[in-house]
Amino acid sequence: MATKVYVGMSGGVDSSLTAALLIEQGYDVVGVYMKNWTQDLPGMRCPWADDLADAKRVAVQLGIDFKVFDFESEYRHKVVDYMIDEYKAGRTPNPDIMCNQEVKFKLFLETALEDGADMIATGHYARVEDGILKVAEDANKDQTYFLYRVTGEALAKTLFPLGDYKKPQVREMAKERGLYTAGKKDSQGICFVGKVGIRDFLSQYVDQTPGDIIDKKSGAVLGRHDGAIFYTLGQRHGLDVGGGLPYYVVGKDMDKNEVYITTDLNDASLWKNTVELSNVHWINEGPQEGTYDIRVRHRAPLVKAHLRYENDIIVLTLENAERAVAAGQSVVLYDNNVCLGGGIVI
RNA sequence: UGGGAUGUCGCCAAGUGGUAAGGCAUCGGCUUUUGGUGCCGACAUUCGGGGGUUCGAAUCCCUCCAUCCCAG
């Protein structure tokens with residue numbers, strides 16, 4: 001009997017082709033739409049209904065069973081609340097990493113297995129080999145950064161058919177197969193929520209309290225903002241402060257509700273040579289102390305750093321300083337194209 | 001009240017007789033399954049107000065207004 005694979009179909013090209021390829025490879029494929037978020041937000045209609053329709057349409061086209069898993073409550077609690085709490089604490093979280101950890105590769109996997117699946121699959125650009133996570137063939141689209149919090153056990157039951165292809169090929173293959181979503185634009189923004197600015201999203205859940213924008217060097221008040229919560233390290237836009245050179249956020253005080261800015265691109269707090277990570281997660285066994293490739297943000301080139309353990313945290317000493325590494329963001333470690341795991345910036 | 005200086009797009013700032021640079025901000029777009037960064041494009045018929053000289057002025061003259069500094 002063929003292996004039964006539940007494919008997470010978001011209604012985009014990638015997951016559509018994923019399902020198609022698995023069928024061609026002989027798997028018994030079931031399409032699943034994860035209903036995680038349905039709320040409209042100001043200035044943006046939540047795309048869930050359209051996405052669901054697209055996913056279903058492709059499933060019909062492919063002649064596979066199609067299901068909808070409703071994870072709205074869990075998504076709200078595990079991802080959105082986490083995100084809001086982090087921002088309230090003055091940090092800058094990455095909700096999509098949490099979404100993968102808690103929803104796609106935990107809840108979805110468990111639910112699928114209970115429903116009779118042998119494995120799950122998604123349209124992520126990444127590769128799994130023997131339970132280890134490896135970067136995608138298309139280095140430009142590689143999404144392992146978002147997957148570093150997934151467990152090796154989950155990966156052992158996961159397929160990423162797109163990991164061996166480049167995005168243009170994926171589009172081409174989707175077109176060749178006449179998939180309904182072949183020409184659909186790539187999605188952006190918070191996963192499932194849609195293309196909405198973090199500011200617009202957050203402002204739905206937190207109070208807007210005006211505060212001062214202060215020049216770090218002179219201490220002068222240069223402007224006002226609607227809440228320090230909306231600003232993050234390294235940020236340039238949205239300050240509404242003009243005057244010759246661009247200003248960048250170099251810090252904030254959540255208690256005083258103050259945002260500190262500077263025109264000095266070399267400001268110490270804008271660059272990190274040493275990064276400490278807590279909430280460390282390894283996909284399999286933790287690596288030994290030594291030098292590894294790390295990635296400080298999605299799509300950033302890999303850079304060298306030395307890993308050292310210190311109690312519950314790890315300390316990375318970077319070969320070259322990285323810019324705007326905000327607390328709450330993730331740093332992911334690699335060893336020869338293998339994604340080892342990572343942690344959250346303290 | 002004397003003496004000096006300055007007033008050009010929201011901000012910084014070129015331009016001293018030839019018909020308004022540039023930067024920042026802002027807005028729009030691109031890149032991106034997080035934040036952020038970056039890239040591209042748009043953005044003053046008008047130069048504090050009013051007169052005058054001139055073929056022609058933001059640039060010269062007169063005057064008024066405003067601001068700043070030094071005196072007192």
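Computed from a prediction, not measured in an experiment: that's the story for all the values here.
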Under 4.5 Å between any side-chain heavy atoms of A/Val332 and A/Thr144, yes or no?
no
Test item: A/Asn100 and A/Arg149 side chains (from C-beta on) under 4.5 Å apart, heavy atoms:
no
Nearest whole Å is fine: how far is B/U33 P from A/Lys104 NZ?
12 Å
For a quick check of understanding: with a heavy-atom distance under 4.0 Å over all strands, which category does A/Ile97 fall into, base, sugar-phosphate or nothing?
nothing
Pairwise C1' distance for B/C9 and B/C27, with rounding to whole Å:
14 Å
Work out how far the C1' atom of B/C70 is from that of B/C12, and round it to whole angstrom.
26 Å
Looking at A/His225 versus A/Phe230, is the centre-to-centre ring distance below 6.0 Å?
no
Taking CG from A/Leu239 and P from B/U26, how many angstroms apart are they, rounded to a whole number?
7 Å
Which distance, rounded to the nearest 0.5 Å, do you find between the CD1 of A/Ile64 and the CE of A/Met9?
5.0 Å
How many Å lie between NE2 on A/His225 and P on B/A25, as a whole number?
18 Å
Could you tell me whether A/Lys166 atom NZ has more than 12 heavy atoms of other residues or ligands within 6.0 Å of it?
yes
Report yes if a side-chain nitrogen or oxygen of A/Tyr248 is closer than 4.0 Å to either non-bridging phosphate oxygen (OP1 or OP2) of B/G38; otherwise report no.
yes
Using a cut-off of 4.0 Å on non-hydrogen atoms, how would the nucleic acid contact of A/Arg323 be classed: base, sugar-phosphate, or nothing?
sugar-phosphate
Can a side chain N or O of A/His124 be found less than 4.0 Å away from OP1 or OP2 on B/U33?
no
Could you check whether A/Gly238 gets within reach of a base, just the sugar-phosphate, or nothing at all, counting any heavy atom under 4.0 Å?
sugar-phosphate
Counting only side-chain heavy atoms from C-beta out, which of B/U34, B/A25, B/G35 sits nearest to A/Tyr87?
B/G35
How far, in whole Å, is B/C43 from B/A20 if one measures between their P atoms?
14 Å
Nearest-Å distance, CG (A/Leu265) to C1' (B/G36)?
14 Å
Rounded to whole Å, OH of A/Tyr75 lies from C1' of B/U34 at a distance of 10 Å
Measuring only the C1' atom in each nucleotide, how far is B/A57 from B/G17? A whole number of Å is fine.
6 Å
Assigned partner base of B/C24, Watson-Crick or wobble definition, under 3.5 Å
B/G10
Please determine whether a side-chain nitrogen or oxygen atom of A/His237 lies at a distance below 4.0 Å from atom OP1 or OP2 of B/U37.
yes
Starting from the 5' end of RNA chain B, give me the residue, A/Asp186 or A/Gly244, whose nearest nucleotide shows up first.
A/Gly244
A/Arg236 side chain N/O closer than 4.0 Å to the phosphate oxygens (OP1, OP2) of B/G38?
yes
Measuring only the P atom in each nucleotide, how far is B/C65 from B/G10? A whole number of Å is fine.
24 Å
Can you check the A/Arg297 CZ to B/G35 C1' distance for me, whole Å?
9 Å
So, A/Tyr292 versus A/Trp282, ring centres under 6.0 angstrom or not?
no
If the C1' atom of B/G48 is compared with that of B/A58, how far apart are they to the nearest Å?
12 Å
Among the candidates B/U34, B/G35, B/A25, find the nucleotide nearest to the side-chain atoms of A/Thr92.
B/G35
Among the candidates B/G36, B/U26, B/U33, find the nucleotide nearest to the side-chain atoms of A/Gln235.
B/G36
Taking only N and O in the side chain of A/Lys141, is any of them less than 4.0 Å away from OP1 or OP2 of B/U33?
yes
As a test of reading the structure: which of B/U33, B/G35, B/U34 is closest to the side chain of A/Asn100, going by heavy atoms?
B/U33
Between B/U1 and B/C61 - P atom distance, rounded Å:
25 Å
Do the numbers put A/Arg295 on top of the ring of A/Tyr145, so that NZ or CZ is under 6.0 Å from the six-membered ring centre and no more than 45° off the axis?
no
Under 4.0 Å between a side-chain N/O of A/Lys167 and OP1 or OP2 of B/U31, yes or no?
no
For A/Phe201 and B/U34, give me the distance from atom CZ to atom C1', rounded to whole Å.
12 Å
Just the rounded figure in Å: distance from P of B/G36 to CD1 of A/Ile261.
16 Å
Between B/C30 and B/U19 - P atom distance, rounded Å:
38 Å
According to the Watson-Crick and G-U wobble definitions, with both distances under 3.5 Å, which nucleotide is paired to B/U1?
B/A71
